[in-house]
Enquirer: 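Got a structure for you, questions after.
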Amino acid sequence: MLLPDSPKQRALVEQWMDWQSTELNNSWRYAFMHLVRKSPAFSDVAAVANSIDAWNKQMQILNAALEKTAAYITGAEFTLADIVLGLSVNRWLMTPIEKPELPAVAAYYQQLSLRPAFQTFGCNGIP
């Protein structure tokens with residue numbers, strides 16, 4: 001079930017979606033706009049470096065959470081939160097930045113990559 005019936009489980013799903021949209025997305029925005037979108041409005045080299053550092057720190061938070069669940073972000077079941085987080089992991093992996101090794105994130109991405117919809121839409125056909 002993408003959005004569980006249990007209030008506690010539903011809150012966890014929504015918590016991770018909120019984290020993705022506020023903390024994680026805000027961390028990568030500057031670096032991504034500079035490195036991938038090549039926007040001239042995002043050309044401050046120090047701001048790019050700060051964004052990359054913040055992005056990697058947020059990904060370490062995700063890694064720690066995934067180490068605890070050893071599956072999907074809220075536990076054994078795939079949820080709506082895994083859709084948004086999976087897309088974010090794909091963006092992080094595909095952006096040309098130096099990244100720390102995050103084994104739980106790597107395992108999570110591999111697990112998501114087995115899903116047909118993620119193969120088509122999440123990792124752009126690149127397992």
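The structure displayed is predicted, hence computed values, not measured ones. No hydrogens, no waters, no symmetry mates; every other heavy atom, side chains included, goes into these values. Along the sequence shown, the residues carry numbers beginning at 1.
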Enquirer: From Thr95 OG1 over to Phe32 CZ, what is the distance, rounded to the nearest 0.5 angstrom?
Expert: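 The OG1 atom of Thr95 sits 5.5 Å away from the CZ atom of Phe32.
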Enquirer: Please list every donor-acceptor pair under 3.5 Å in which a side-chain atom of residues 37-46 meets a protein atom from a residue at least two apart or in another chain.
Expert:
residue : atom : partner : partner atom : Å
Lys38   : NZ   : Leu35   : O            : 3.0
Ser39   : OG   : Ala41   : N            : 3.3
Ser43   : OG   : Pro40   : O            : 3.3
Asp44   : OD1  : Ala46   : N            : 2.9
Asp44   : OD1  : Ala47   : N            : 3.1

Enquirer: I would like to know whether Trp92 and Asn56 meet side-chain hydrogen bond (donor to acceptor under 3.5 Å, both in side chains); could you show each step before the answer?
Expert: CA-CA 9 Å; Trp92 180 70; Asn56 283 330; 2.8 Å; yes
Enquirer: Within the side chain of Asn90, is there an N or O that forms a donor-acceptor pair under 3.5 Å with the backbone of Gly86?
Expert: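 The answer is no, because no donor-acceptor pair under 3.5 Å joins these two groups.
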Enquirer: So how far is it from Leu12 CG to Thr69 OG1, rounded to the nearest 0.5 Å?
Expert: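 Those atoms lie 10.5 Å apart.
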Enquirer: Look only at the side chain of Asp18 and the backbone of Gln15, and say whether a donor-acceptor pair between them is shorter than 3.5 Å.
Expert: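 The answer is no, because no donor-acceptor pair under 3.5 Å joins these two groups.
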Enquirer: Would you say Val84 and Ser21 make side-chain contact, with heavy atoms under 4.5 Å?
Expert: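 No - every pair of side-chain heavy atoms lies 4.5 Å or more apart.
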Enquirer: Looking just at side-chain N and O atoms, do Trp19 and Gln58 make a donor-acceptor pair shorter than 3.5 Å?
Expert: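 Result is yes, a qualifying pair exists.
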Enquirer: Run the numbers on Leu3 and Thr79 for side chain to side chain contact (heavy atoms under 4.5 Å, CB included), then give the verdict.
Expert: CA-CA 6 Å; Leu3 196 55; Thr79 69; over 6 Å; no
Enquirer: Quick check for you: to the nearest 0.5 Å, what is the distance between Arg10 atom CZ and Met1 atom CE?
Expert: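 Between Arg10 CZ and Met1 CE, I get 8.5 Å after rounding to 0.5 Å.
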Enquirer: Going through the checks in order, is the side chain to side chain contact (heavy atoms under 4.5 Å, CB included) test met by Gln111 and Tyr72?
Expert: CA-CA 9 Å; Gln111 184 172 321; Tyr72 296 107; 2.8 Å; yes
Enquirer: Could you walk me through whether Met59 and Leu24 pass the side chain to side chain contact (heavy atoms under 4.5 Å, CB included) test, one step at a time?
Expert: CA-CA 8 Å; Met59 293 303 292; Leu24 183 57; 3.9 Å; yes
Enquirer: Looking at every non-hydrogen atom in both residues, tell me the closest pair between Val89 and Val105 and how far apart they are.
Expert: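 Nearest heavy atoms, Val89 then Val105: CG1-CG1, 3.7 Å.
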Enquirer: Grab the two heavy atoms, one from Phe118 and one from Leu87, that are nearest each other, plus how far apart they are.
Expert: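 Answer, listing the atom of Phe118 first, then Leu87: CE1-N, 4.2 Å.
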Enquirer: Could you grab the distance from atom CH2 of Trp55 to atom OH of Tyr30, nearest 0.5 Å is fine?
Expert: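 Between atom CH2 of Trp55 and atom OH of Tyr30 there are 14.5 Å.
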Enquirer: Output the distance between atom CG (Leu80) and atom CE (Met17), rounded to the nearest 0.5 Å.
Expert: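 Atom-to-atom, Leu80:CG and Met17:CE are 4.5 Å apart.
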Enquirer: Sub-3.5 Å donor-acceptor pair from the side chain of Ser51 to the main-chain atoms of Ser27, do we have one?
Expert: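 Yes.
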Enquirer: Check the side chains of Glu67 and Asn63 for a donor-acceptor pair under 3.5 angstrom, ignoring hydrogens and angles.
Expert: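 Asn63 vs Glu67: donor-acceptor pair found between side chains.
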Enquirer: For a side chain to side chain contact (heavy atoms under 4.5 Å, CB included) check, start with the C-alpha distance between Arg29 and Asn25, then their side-chain angles and the critical distance, and finish with the verdict.
Expert: CA-CA 6 Å; Arg29 185 168 288 115; Asn25 284 356; 4.0 Å; yes
Enquirer: Go through the structure and list residues passing salt bridge (charged side-chain N to carboxylate O under 4.0 Å, His left out) with Asp53, not counting sequence neighbours.
Expert: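 Asp53 satisfies salt bridge (charged side-chain N to carboxylate O under 4.0 Å, His left out) with Lys57 only.
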